[in-house]
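Report on the structure given below.
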Amino acid sequence: MKTKQELDRRSFLKASIVAGGALVLGLNIPGVSRAEERFGVTSEPAADFSPNAFIKIAKDGKVTVVVGQSEMGQGVMTSLPMIVADELEVDWANVSFAHGPADKAFFNPAMGMQGTGGSSSVKGFFAPLRKAAAQVREMLISAAAASWNVPADTCIAENGRVIHTATKRSAAYGELLEAAAKITPADKPKLKDPKDFKYIGKAVKRLDSPSKVNGSATFGIDVKVPGMLYAIILRSPVIGGTVKSIDDTAAKAVKGVTHVVSLGYGVGVIADSFVAARKGRSALKVTWEEGPMAAVSSETIMKSFVDAEASKKGLEAKKIGDVAAGRSKAAKVLDAVYYAPFLAHATMEPMNFTADVRSDSAEVWGGVQAQMLVQGTVAKTAGVPVEKVKVNTTMLGGGFGRRFEMDYVIDATLLSKAAGKPVKVVWTREDDMQNDVYRPAVYNKLSAGIDAAGKPVFWHHRLATDAIMARAGKAFGFNLKDDQLDSSSFEGAHELEYKIPNFQCDWIRVDTGIPVGFWRSVGSSHTAFSVECFMDELAALAGKDPLEYRLSLLEENSRHAGVLRLAAEKAGWGKKLPPGSGRGIAVAESFGSYVAQVAEVSVGSDGKVKVDRVVCAADCGQIVNPDTVAAQMEGSVVYGLSAALYGEITIKNGRVVQTNFNNYKPLRMNEMPKVEVHLVTSSAPHGGVGEPGTPPIAPAVVNAIFAATGKRVRSLPIRTDELKKS
Amino acid sequence: MTKISVNKKVFETDSDPSTPMLWVLRDEFGLTGTKFGCGIAQCGSCTIHVDGEARRSCVTPISAVVGKEVTTIEGLSPDSSHPLQKAWIAEDAPQCGYCQSGQIMAAAAMLKKTPKPTDADIDQAMNGIICRCGTYNRVRAAIKLAAMNGGK
């Protein structure tokens, strides 16, 4: 057995030495087998041939695709293996996935780091995975051809076998591994003609579904390491507060509590069980240095936005023509203020992480969106060399941008180091809700004017909001300067597809002190709301149909216009709805995908909004798995709808007011609209899939409310009392 | 020492009788399919069956299940063959998957009582289970598919 493994390792090393380019990896890839994963112990999966970082083939023909991206529901553990299976010519039934380690071999070319975000996994890995799989396919073909003494180009690969077409002689991949390992991979392997794709573009079943219906899928919170302790952290109730003094007598008296550790920003209670740690935390007495945020509340934040917008010029994100000149020519002018609140991510799995810090190394487990940032953070925090940090990625119980953060990673690392044992830190829902990095709140001042014919002559959008990159950028070694633009604050507002001769978008940076971060679709999550609602207002000002008005401002063959027309057609735009109901439309591009949505809502006399139906048209360029895309559009609608109807984080005396799902309400089953997704068939470059469905839903619903009631909602979440019939 | 029957197997715990079942299942018995989502019976990720009834294990003390039969997602079927599990895969309902144990357990308890649920029945039984990925419509479709296949 041992001999065999050593032999295989040698074969692997040989292949990897000659592989060249990005595929070279100087070490074997540890994978995780399901049985062992349950106990948090990693091992290497059955692999007799590991020609590159991504692909492992066993003698029985089973193929494991090693994925360095994180699965948070978006289907990456299916879409990336599909790309490999297609180009490698193997049957889907023989394909499985494994989580990759933190390693530069898994750099996401679309992100410049090993990271899962920006809806970029397929975009980044489509070409590299096709190449890697095609190389391996050619190595297997060459091995078979050599053994039969025939030219390689007389053989084909099909269903996990190499076939000599003339003689029908064939060999299973599993029989060819040793010989294939001796073959040098081609620099430019021949890729399949897209018309021959067997899986790409088809609704292939998810590989992770079976483990998610029987409880066997392992999330970070499920990790159990031998000798592990459990920890909870008591954090400052005021954002940015620090520990002043601790009385841990009662906490330490709780049965099972082993350590109480001051972390400066909080106090960790470590115990032999989660329940004991939680009990210990309840008994802990800490006084806090509250710091300057204690003076900050939602009202003071709003005032800071209003004052900043009024007194500061801001940075010009975009300027076309002259908005002042445009204004002077306008027949009608409209000014409006739009406001979008802070939002929590509220992933179903609260933040948690497990670390085992030893004197000169560390191993960590959890759901993360940026493995190499985790590796570096753990190394720095634990004081161990970065190459001695092993990162094990589990399934993520939701990401939405939250698991790009390092706070929960640092928690576990510090506490394991202090305890000298593996420690799993679990945040309660309240910890998670009150210590999030929030979607920034945004104050928008919009002005626009139309000419006598109704055409816009100017558009001026001023956004006052925090800079996400000012804090988050530091993790990537990026320091945002005062005079530097942070497009994550205004993306979607500064480059409009609509033809407007005089246009300006200004960003007024405000530092509210509230930690802000990446939230599904980032800037577009709020700019689509302000831009598409204000566009609706202009259409009304011009006395035009909202769809026709938008189309009149777009190039006829633009992708914006394409999805607008598709959504409108499928929704029956223009058909009559019962009184109290209305239809609204919105379109937005984000992450290279174009999505239009038509919402049908009914508004009761009590002002209660019911979203009855959402028709979604999406142009995501070339699609790998249409069913995954549909699922992501459906999910994005729910995520955006929860926010539009209920989502709001408010601050009182530096404290986050909301605590749990009872006062930060997500959409529930009984409120769910019918959602219909229509995808544009396209061979355009891959757009994103995980996020672009979110931006258009809030404006589509708000515009539908206007159609139903004649009332404009300019501040989210939508407030029932303002829509009540008086 | 308290004896508790879970998935037709007797487990023992010396935890305080007030300890929520959720943490005993997860941290003591190694049954991690039941998830922690909110701790206050708001999200339903921790749904289990106690004598066939859907219960929130995050607020169910172990004292409340003594002498009763507890079923978790791991015990719903020996081999993922419950009609709901098959329907869930057929519809590719899960995304991140974290809430899905709770979704399936809530649906299974409903189907036992209401084998042919209407949309209103589904709303009633399922609106306590939050899914942030937004899989609700596929969950609904999967329940209907399972019901059609005579799922219990």
Side-chain angles (χ1 to χ4, degrees), chain A residues 38-39 71-75 203 205-206 208-219 221-222 224 230 255 273-275 345-350 395-400 426 428-430 627-628 631-632 634-639 641-642 660-662 666-672 674-675, chain B residues 15-16 19-20 23-24 26-28 30-40 42-43 45 72-74 76-77 79-80 82 84-86 88-101 103-104 120 122-140:
Chain A
R38 294 190 65 79
F39 303 100
E71 177 64 66
M72 44 189 153
Q74 83 281 33
K205 289 279 161 215
R206 291 179 70 123
D208 58 348
S209 281
S211 71
K212 289 177 175 177
V213 303
N214 63 13
S216 68
T218 301
F219 296 83
I221 204 167
D222 304 328
K224 196 167 189 175
Y230 298 77
K255 192 180 157 218
S273 75
F274 171 83
V275 173
H345 294 84
T347 59
M348 280 316 299
E349 180 191 13
M395 289 290 180
L396 281 63
F400 313 124
V426 176
T428 61
R429 173 60 56 195
E430 290 79 7
D627 196 50
T628 301
Q632 285 308 295
E634 292 160 19
S636 293
V637 164
V638 179
Y639 203 70
L641 207 46
S642 292
N660 204 316
F661 290 128
N662 55 336
L667 203 76
R668 290 174 182 271
M669 175 79 103
N670 57 327
E671 303 162 297
M672 189 60 200
K674 197 175 169 202
V675 181
Chain B
S15 284
D16 188 275
T19 309
W23 299 104
V24 178
R26 290 180 51 79
D27 293 344
E28 296 183 39
L31 296 167
T32 53
T34 305
K35 301 301 190 210
F36 167 59
C38 70
I40 57 166
Q42 281 286 316
C43 80
S45 283
T72 68
I73 186 72
E74 291 91 345
L76 188 63
S77 72
D79 50 2
S80 301
H82 189 283
L84 283 166
Q85 291 171 313
K86 288 203 246 174
W88 241 251
I89 292 172
E91 295 289 339
D92 259 349
Q95 288 188 26
C96 88
Y98 193 77
C99 73
Q100 298 296 335
S101 299
Q103 303 278 1
I104 292 171
I122 295 174
D123 281 348
Q124 171 76 27
M126 303 300 293
N127 75 18
I129 323 292
I130 295 172
C131 172
R132 288 288 282 161
C133 296
T135 63
Y136 298 126
N137 286 350
R138 286 176 189 240
V139 165
R140 186 187 299 277

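Proteins get letters first, then strands, A, B, ... in listed order; numbering begins at 1 in each. Because the structure is predicted, anything quoted here is derived from the model rather than measured.
Ranked by heavy-atom pairs shorter than 4.5 Å toward chain A, the options P20(B), A93(B), C38(B) are led by C38(B). The greatest number of non-hydrogen atom pairs below 4.5 Å with chain A, out of Q42(B), R138(B), E28(B), is found for R138(B). The most heavy-atom pairs under 4.5 Å with chain A, out of S15(B), G39(B), G37(B), S45(B), come from G37(B). Comparing G398(A), G399(A), A346(A) by heavy-atom pairs within less than 4.5 Å of chain B, the highest count is held by A346(A). Most heavy-atom pairs under 4.5 Å with chain A, from the set C99(B), C131(B), S101(B), A90(B): that is A90(B). Heavy-atom pairs under 4.5 Å with chain B were tallied for T347(A), D627(A), T628(A), D208(A); the largest tally goes to D627(A). Between chain B and the residues A203(A), P350(A), A631(A), the most heavy-atom pairs under 4.5 angstrom are made by A631(A).
Contacts between V213(A) and chain B at a heavy-atom distance below 4.5 Å involve backbone atoms as well as side-chain atoms. Within the 4.5 angstrom heavy-atom criterion, only side-chain atoms of V275(A), from C-beta onward, approach chain B. For chain B, no part of Q74(A) is nearby; none of its heavy atoms comes within less than 4.5 Å. For a residue to count as touching a neighbouring chain, one of its non-hydrogen atoms must lie under 4.5 Å from one of that chain's; by this rule L396(A) touches chain B with the backbone only. Interface residue N214(A): backbone and side-chain heavy atoms are both found under 4.5 Å from chain B. When heavy atoms are compared at a cutoff of 4.5 Å, S642(A) approaches chain B solely by way of its side chain, counted from C-beta outward. For L76(B), no part sits under 4.5 Å from any heavy atom of chain A, backbone or side chain. Using a 4.5 Å cut-off between heavy atoms, A120(B) makes no contact with chain A at all. Proximity to chain B is absent for every atom of V637(A), based on heavy atoms less than 4.5 angstrom apart.
Heavy atoms from other residues, nucleotides or ligands lying under 6.0 Å from NZ of K205(A) number more than 12.
For R140(B), the salt bridge (charged side-chain N to carboxylate O under 4.0 Å, His left out) partners are D119(B), D123(B), not counting sequence neighbours.
Using the six-membered ring where Trp is involved, W23(B) and F274(A) have ring planes that are parallel, under 30° apart on the 30 and 60° scheme.
Counting heavy atoms from C-beta on, the side chains of M126(B) and M672(A) never come closer than 4.5 Å. Contact of the F661(A) side chain with the M348(A) side chain is registered, since non-hydrogen atoms from C-beta on lie closer than 4.5 Å.
A donor-acceptor distance shorter than 3.5 angstrom exists from the side chain of R26(B) to the backbone of T32(B), with no hydrogens or angles considered. A donor-acceptor pair under 3.5 Å is absent between the side-chain atoms of R132(B) and the main chain of E349(A), judged by distance alone. Under the 3.5 Å distance criterion, the side-chain polar atoms of Q124(B) are left unmatched by any main-chain donor or acceptor of N670(A). Judged by distance alone, the side chain of Y639(A) and the main-chain N or O of H345(A) form a donor-acceptor pair under 3.5 Å.
A donor atom on one side chain and an acceptor atom on the other are not found under 3.5 Å apart for T135(B) and Q103(B).
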